[in-house]
A.B. asks: 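After the structure tokens below, expect a handful of questions from me.
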Amino acid sequence: IIEFLPDATFAIDQSGQVISWNRAIEELTGVSSGDMLGKGNYEYAITLYGSRRPILIDLIGETDEEISNYYTNVNRSGNSLTAEADFLVPGGYKISASAKVSPLYNQEGEIIGAIESIRDITDIRKSEVDLRESEIKFRNLTEYSRDGILIVGFDGNIFFINPTGLLMVDADDCDTIVGKQNVMEYIHPESQEIVITDISHVAQGIDGYISQYKLITA
């Protein structure tokens, strides 16, 4: 089972010697199972961190405070422990990874070692950074735009309104509008049918176009 897991996985016995080293971790580290099985003294740490030191699989019995000296986002669920860190891979590249460790039991339910799985989350972390940067750019664009900008759901509920939009409807605070008001409350009856049609067009995937409405202020 361990051999064919998609995540890089290895196991050690109670003495810290490697007893399993699957194909995925061979690909991740560039070290074959033949060269790693039976090795102890934190030999496996060298392939991931470039130094001989305790890693998550060795810290399962330590406090979260101690683990936080080496890892971030430490979380426990039952007997399992997950945390995140940057690992070194062949070629000197650094990746962000999520590691999960659990005790390894024999058929009698006795702990005979520990097992660790490692998942590459570099793309996820990069996407999160890109998203934060995108949100900052969006916020700057909307906050200082001289156009009123609103984001509304297909049901008309207002999710966002910028300062210029607040001025247009004579409102003082976005907290009284966002998540509490429907855009139709600010649309003159003469224009409500147009707004409903426009929202319907957007829901159908029709590209943006210019439309005109009459508004009612607060």
A.B. asks: Cluster question for you: counting only ILVMFWY and a side-chain heavy-atom cut-off of under 4.5 Å, with indirect links fine, are Ile67 and Tyr44 together?
C.D. replies: yes
A.B. asks: Using a 3.5 Å distance criterion without hydrogens, assess whether the side chain of Asn22 forms a donor-acceptor pair with backbone atoms of Asp7.
C.D. replies: yes
A.B. asks: About how many Å separate CZ of Arg132 and CD1 of Ile136, when rounded to the nearest 0.5 Å?
C.D. replies: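 Reported to 0.5 Å precision, the distance equals 8.5 Å.
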A.B. asks: How long is the gap from CZ on Phe10 to CD1 on Ile57, to the nearest 0.5 Å?
C.D. replies: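 So the gap between those two atoms works out to 4.0 Å.
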A.B. asks: Under a 4.0 Å N-O cut-off, is there an ion pair linking Glu128 with Arg125?
C.D. replies: yes
A.B. asks: If two hydrophobic side chains count as joined below 4.5 Å and joins carry through other members, does Ile111 share a cluster with Leu56?
C.D. replies: no
A.B. asks: Which pair of non-hydrogen atoms, one from Ser102 and one from Ser80, has the smallest distance, and what is that distance?
C.D. replies: OG-OG, 2.8 Å
A.B. asks: Same hydrophobic cluster for Ile194 and Met184, using side-chain heavy-atom links shorter than 4.5 Å among ILVMFWY?
C.D. replies: yes
A.B. asks: For the residue pair Tyr49 and Phe87, categorise the inter-ring angle as parallel (less than 30°), tilted (30 to 60°) or perpendicular (more than 60°).
C.D. replies: perpendicular
A.B. asks: Minimum heavy-atom separation for Val178 to Phe159, with atom names?
C.D. replies: CG1-O, 3.1 Å
A.B. asks: Ignoring hydrogens and angles, state whether a donor on the side chain of Glu26 or Ser33 is under 3.5 Å from an acceptor on the partner side chain.
C.D. replies: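 Yes - a donor-acceptor pair under 3.5 Å links their side chains.
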A.B. asks: Determine whether Leu28 and Leu37 fall in the same hydrophobic cluster, where Ile, Leu, Val, Met, Phe, Trp and Tyr are linked whenever their side-chain heavy atoms lie under 4.5 Å apart.
C.D. replies: yes
A.B. asks: What side-chain donor-acceptor pairs closer than 3.5 Å can you find for residues 147-154, not counting sequence neighbours?
C.D. replies:
none

A.B. asks: How close do Met36 and Val31 get, counting heavy atoms only, and between which atoms?
C.D. replies: CE-CG1, 3.9 Å
A.B. asks: With rounding to the nearest 0.5 Å, note down the distance linking CG in Asn41 to CZ in Arg52.
C.D. replies: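 If we round to the nearest 0.5 Å, Asn41:CG and Arg52:CZ are 4.5 Å apart.
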A.B. asks: Any chance you could lay out the side chain to side chain contact (heavy atoms under 4.5 Å, CB included) test for Leu48 and Ile118, step after step, and finish with the verdict?
C.D. replies: CA-CA 10 Å; Leu48 297 168; Ile118 300 168; 3.7 Å; yes
A.B. asks: Please check if atom CG in Asn106 has more than 12 non-hydrogen atoms from other residues, nucleotides or ligands closer than 6.0 Å.
C.D. replies: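 Enclosed.
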A.B. asks: State which residues pass salt bridge (charged side-chain N to carboxylate O under 4.0 Å, His left out) with Glu27; sequence neighbours excluded, sorted by chain then number.
C.D. replies: none
A.B. asks: Given Gln181 and Thr176, is the side chain to side chain contact (heavy atoms under 4.5 Å, CB included) satisfied, shown in steps?
C.D. replies: CA-CA 8 Å; Gln181 301 288 346; Thr176 62; 5.8 Å; no
A.B. asks: Donor-acceptor pairs are to be reported for all side-chain atoms of residues 211-218 against protein atoms at under 3.5 Å, with residues two or more places apart or in another chain.
C.D. replies:
from	atom 1	to	atom 2	distance (Å)
Ser211	OG	Asp198	OD2	2.8
Tyr213	OH	Asp198	OD2	2.6
Lys214	NZ	Glu190	OE1	2.8

A.B. asks: With a sphere of 6.0 Å drawn around OH of Tyr209, does it hold more than 12 non-hydrogen atoms of other residues, nucleotides or ligands?
C.D. replies: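 Yes, because the 6.0 Å sphere around OH of Tyr209 holds more than 12 heavy atoms from other groups.
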A.B. asks: Please lay out, stage by stage, how Glu185 and Val169 fare under the test side chain to side chain contact (heavy atoms under 4.5 Å, CB included).
C.D. replies: CA-CA 10 Å; Glu185 297 177 35; Val169 296; over 6 Å; no
A.B. asks: Flag the pair Thr82 / Ser77 as yes when at least one side-chain heavy-atom distance between them is below 4.5 Å, and no otherwise.
C.D. replies: no
A.B. asks: Does Asp155 offer a backbone N or O that forms a donor-acceptor pair with the side chain of Asn182 under 3.5 Å?
C.D. replies: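 Here the side-chain-to-backbone pair exists.
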A.B. asks: Do any N or O atoms from the side chain of Thr197 and from the backbone of Glu193 form a donor-acceptor pair under 3.5 angstrom?
C.D. replies: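 Indeed, once roles are kept as given, a pair shorter than 3.5 Å links the two residues.
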A.B. asks: Are any of the side-chain heavy atoms of Ile161 and Tyr186 separated by less than 4.5 Å?
C.D. replies: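 Not in contact.
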A.B. asks: Before giving the answer on side chain to side chain contact (heavy atoms under 4.5 Å, CB included), spell out for Ile121 and Glu84 the whole-Å C-alpha distance, their side-chain angles and the decisive distance to 0.1 Å.
C.D. replies: CA-CA 9 Å; Ile121 57 171; Glu84 296 177 7; 3.7 Å; yes
A.B. asks: Can you check whether Asp123's main-chain N or O pairs, donor with acceptor, with Ser127's side chain at less than 3.5 Å?
C.D. replies: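 Yes; judged by distance alone, with no hydrogens or angles, the pair exists.
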A.B. asks: Taking side chain to side chain donor-acceptor pair (under 3.5 Å) as the criterion, tell me which of Thr122, Asp86, Thr72 meets it with Ser96.
C.D. replies: Asp86
A.B. asks: State whether the side chain of Lys39 and the backbone N or O of Val18 hold a donor-acceptor pair below 3.5 Å, judged by distance alone.
C.D. replies: no
A.B. asks: Which atom names give the shortest non-hydrogen contact between Tyr70 and Arg53, and what distance separates them?
C.D. replies: CD2-NH1, 3.3 Å
A.B. asks: Could you tell me which non-hydrogen atom of Thr164 sits nearest to which non-hydrogen atom of Arg146, and how far apart they are?
C.D. replies: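 That closest heavy-atom pairing would be CG2-O, 3.2 Å.
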A.B. asks: Got Tyr71 and Ile55 here, is their nearest side-chain heavy-atom distance under 4.5 Å?
C.D. replies: yes
A.B. asks: In Å and rounded to the nearest 0.5 Å, what is the CD1 to CG distance from Ile19 to Leu104?
C.D. replies: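 If we round to the nearest 0.5 Å, Ile19:CD1 and Leu104:CG are 5.0 Å apart.
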A.B. asks: Is there a path of hydrophobic side-chain contacts, each under 4.5 Å between heavy atoms of I/L/V/M/F/W/Y residues, joining Leu59 to Val101?
C.D. replies: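 They do share one cluster, since a chain of ILVMFWY contacts under 4.5 Å joins Val101 to Leu59.
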A.B. asks: Could you tell me whether Lys100 and Glu116 make a salt bridge, using a distance below 4.0 angstrom between a side-chain N and a carboxylate O?
C.D. replies: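 Salt bridge: no.
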A.B. asks: Atom CD1 in Ile2, atom CD1 in Ile25: separation rounded to 0.5 Å?
C.D. replies: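 CD1 of Ile25 is found 11.0 Å from CD1 of Ile2.
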A.B. asks: Judged by modelled atom types alone, do Ser32 and Asp35 share a side-chain donor-acceptor pair under 3.5 Å?
C.D. replies: yes
A.B. asks: Rounded at 0.5 Å granularity, tell me how far OG in Ser20 sits from CG in Asp13.
C.D. replies: 11.5 Å
A.B. asks: Can you confirm whether more than 12 heavy atoms, excluding those of Ile206, are under 6.0 Å from its CD1 atom?
C.D. replies: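 Correct, the count exceeds 12.
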A.B. asks: Side chains of Cys174 and Leu166, heavy atoms from C-beta outward: is any pair under 4.5 Å?
C.D. replies: yes
